[in-house]
Protein chains: 2
Amino acid sequence: MKADRSLLNGSAALLVLSLLASEDMYGYQMIAQLEERSDHTFSMKEGTLYPILHNLEKEKAVTSYEKEAPTGRMRKYYHITKGGLRLLEDKKQEWTAFSQAVNAVLAGTAPALA
Amino acid sequence: MKADRSLLNGSAALLVLSLLASEDMYGYQMIAQLEERSDHTFSMKEGTLYPILHNLEKEKAVTSYEKEAPTGRMRKYYHITKGGLRLLEDKKQEWTAFSQAVNAVLAGTAPALA
DNA sequence: GTATTATACCTAGAAACTCGAGGTATGTCA
DNA sequence: TGACATACCTCGAGTTTCTAGGTATAATAC
């Protein structure tokens, strides 16, 4: 009932990688972006996000650097790597296959239209 | 990052309920049906399925009865209840919201087309 | 006839994923 | 100076799924 989770966590990691594909972001920002882009369907918790980021970094799917915010506070930005982009593509395809399969099963719920 | 899982397990239970909405089935058959309907994307394991069925029965979303197969073997059939159908509708909507949200985030991956 | 395979059910323990609840620290605003 | 928002982090627990077993019967192969 799974794909291969060797490198990645569940759908949360897919979403994180997807965000980073458009621009470098820091953790707090990702949570806000996910909330916004998903129209408040997702609200990822910090306890979920940070371990995922650390894991992706360990897998070299992302790199990180610190940068001072206009306010003077330090932020830790994440940048997606080539490998991360490849991973993202894989995960996207997995997601597509998965969602199509679920939809196919759900469509079968009603008696076949044939 | 979740909906409410008070009554149900994850997507596996949604799929099981969906199958039972079209006809009564026994465990082994459900595994085969899922494989077929999902075009081999899903292969639910018995260790996943049976606990889910027992749980759904405890929640009164399904009922079960034994019936002899043409071969003479006993099979345990499951039947979805009114409550199970309601649950299925809820879970379907949850799934729709979730998948749309994922797609929205993924669509944002590429720079906005605007 | 007997051994293997397919059918059919089940469970316990481990692994994976996410969350809740906490902690630390800095900047802003009243 | 006290409260709140920002920003990072971790530990332990809960949920979900899998692995790896177990039992038993019918069909098939030798």
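Chain letters run A, B, ... following the sequence lines, proteins first and then strands; every chain starts at 1.
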Residue pair H54(A)/A69(A) against DNA chain D: nearer the 5' end by closest nucleotide is A69(A)
R75(A) CZ to dC9(D) C1': how many Å, rounded? 17 Å
Please check the phosphate of dG27(C) (OP1 and OP2 only) for any side-chain N or O of T71(A) closer than 4.0 Å. no
Expressed in angstrom and rounded to an integer, what is the separation of F98(B) atom CZ from dT18(C) atom C1'? 12 Å
Among dG20(C), dT28(C), dA8(C), which nucleotide has an atom closest to any side-chain atom of Y26(B)? dA8(C)
Atom pair CZ (F42(A)) and CG (L34(A)), whose distance is rounded to the nearest 0.5 Å: 7.5 Å
If we only count heavy atoms from C-beta on, is the T96(A) to Q100(A) side-chain gap below 4.5 Å? yes
Protein-nucleotide distance (Y78(A), atom OH; dA7(D), atom P), rounded to Å: 14 Å
Hits for side-chain hydrogen bond (donor to acceptor under 3.5 Å, both in side chains) against S64(A), two or more places apart or cross-chain, chain-then-number order -> E57(A)
Ring-face cation of K67(A) near Y77(A) (centre distance under 6.0 Å, axis angle within 45°): yes
Using atom CD of E46(A) as one end and atom P of dA25(C) as the other, report the distance to the nearest whole Å. 16 Å
Would you mind telling me which of dT18(C), dC10(C), dT17(D) lies closest to the side-chain atoms of S11(A)? dT18(C)
Does a side-chain N or O from Y50(A) land closer than 4.0 Å to OP1 or OP2 of dC8(D), or not? yes
At less than 4.0 Å, is any side-chain N or O atom of K76(B) found next to OP1 or OP2 of dC10(C)? Yes or no. yes
Let me spell it out: for each of G47(A) and P70(A), pick the nucleotide of DNA chain C with the closest heavy atom. Which residue's pick is nearer the 5' end? G47(A)
Integer-rounded Å distance: dA20(D) P and K45(B) NZ: 11 Å
M74(A) CE to dT24(C) C1': how many Å, rounded? 17 Å
Options dA7(D), dT17(D), dC9(D), nucleotide nearest the side-chain atoms of Y28(A): dA7(D)
Nucleotide dC17(C), atom P - distance to CG of L49(A) in whole Å: 15 Å
Determine, for R86(B) against E89(B), whether the closest basic-nitrogen to carboxylate-oxygen distance falls under 4.0 angstrom. no
Nearest-Å distance for atom pair CE/P, residues M25(B) and dA8(C): 13 Å
